[in-house]
Amino acid sequence: MSDDVRRNLALFPIGIVQKLTELSARQIRYYEQQGLIQPIRTKGNQRLFSFRDVERLLEIKKLIDQGLNIAGIKKALGPAEKPTDVEDLPKEERLAVEGNRNLTDRDLHELLKKELIAQLERPGRPASLIQGELSRFFR
DNA sequence: ATTCTAACA
DNA sequence: TGTTAGAA
């Protein structure tokens, strides 16, 4: 599976995203209402976010700190995109951990580790905002 | 136990 | 934005 696909997979419920971004659930839901993010919904109507969503939320957080309002953030960031539902992946690419809608702390740790390594090998321009944030989970 | 929506002494 | 009630 490509790194691109992996980062787009909807894997995290709002509770995990709160820890990853240190944003309140209220803020995360509000930013969704404003169209800044578009997490997918499970059959039970619960939101699921991808690594990209987490990165985007970290960017939003940064911009908020810099004093921008919603309008300004919409201009600064590109349009929001929906993460990929794991259910839509061909079963050959659907890994065990990714299929679970109930990630254990160990699973999460493993995913963060992979993403961290992937980022180190990915000369991305937007100087990986997520890097410092994710590193926080490896102390 | 978690998350969702709606509403505000 | 926080917080809370009531439901899923």
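Below, chain A is the first sequence line, B the second, and so on; all start at residue 1. Quick caveat, the model's predicted, so the values are computed rather than measured.
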Return the 5'-most residue of the pair A:Ile64, A:Gln46 with respect to DNA chain C, ranking by each residue's nearest nucleotide.
A:Ile64
Span of DNA chain C engaged by chain A, first through last nucleotide within the 4.0 Å heavy-atom cut-off, is C:dT1 to C:dT3
Are A:Leu9 and A:Ile117 grouped together when hydrophobic residues (ILVMFWY) are joined by side-chain heavy atoms under 4.5 angstrom apart?
no
A:Lys61 side-chain N/O to A:Leu23 backbone N/O, donor-acceptor pair under 3.5 Å:
no
A:Ile40 has an atom CD1; how far is it from atom C1' of B:dT3, in whole Å?
15 Å
Any donor-acceptor N or O pair under 3.5 Å, side chains A:Glu22, A:Gln18:
no
Strand partner of C:dT1, provided both Watson-Crick or wobble distances fall under 3.5 Å:
none
Let me know the distance between CG of A:Leu108 and P of B:dT2, rounded to the nearest Å.
14 Å
For A:Lys113 and A:Phe137, what are the C-alpha separation, side-chain angles and deciding distance, and is it a side-chain contact (heavy atoms from CB on, under 4.5 Å)?
CA-CA 9 Å; A:Lys113 185 177 182 181; A:Phe137 293 87; over 6 Å; no
How many Å lie between CG on A:Leu48 and P on B:dT3, as a whole number?
10 Å
A:Asn8 side, atom CG; A:Ser2 side, atom OG - distance, nearest 0.5 Å
8.5 Å
Out of the candidates A:Ile28, A:Ile40, A:Ile16, only one should pair with A:Phe49 under the side chain to side chain contact (heavy atoms under 4.5 Å, CB included) rule; please name it.
A:Ile28
Whole-Å distance between B:dT5 P and A:Ile14 CD1?
9 Å
Is the count of non-hydrogen atoms from other residues, nucleotides or ligands lying under 6.0 Å from A:Asp105 atom CG greater than 12?
no
Whether A:Glu32 and A:Arg47 form a salt bridge (side-chain N of Lys/Arg under 4.0 Å from carboxylate O of Asp/Glu) is what I want to check.
yes
What I want to find out is whether A:Lys62 reaches A:Asp65 closely enough, with some N-O distance under 4.0 Å, to be called a salt bridge.
no
Tell me what A:Gly15 touches on the nucleic acid: a base, only sugar-phosphate, or nothing, going by heavy atoms under 4.0 Å.
sugar-phosphate
May I have the distance from A:Glu32 (atom CD) to B:dT5 (atom P), rounded to whole angstrom?
7 Å
Positions of residues 24-31 of chain A (non-hydrogen atom under 4.0 Å from DNA chain C), listed by number:
A:Ser24, A:Arg26, A:Gln27, A:Tyr31
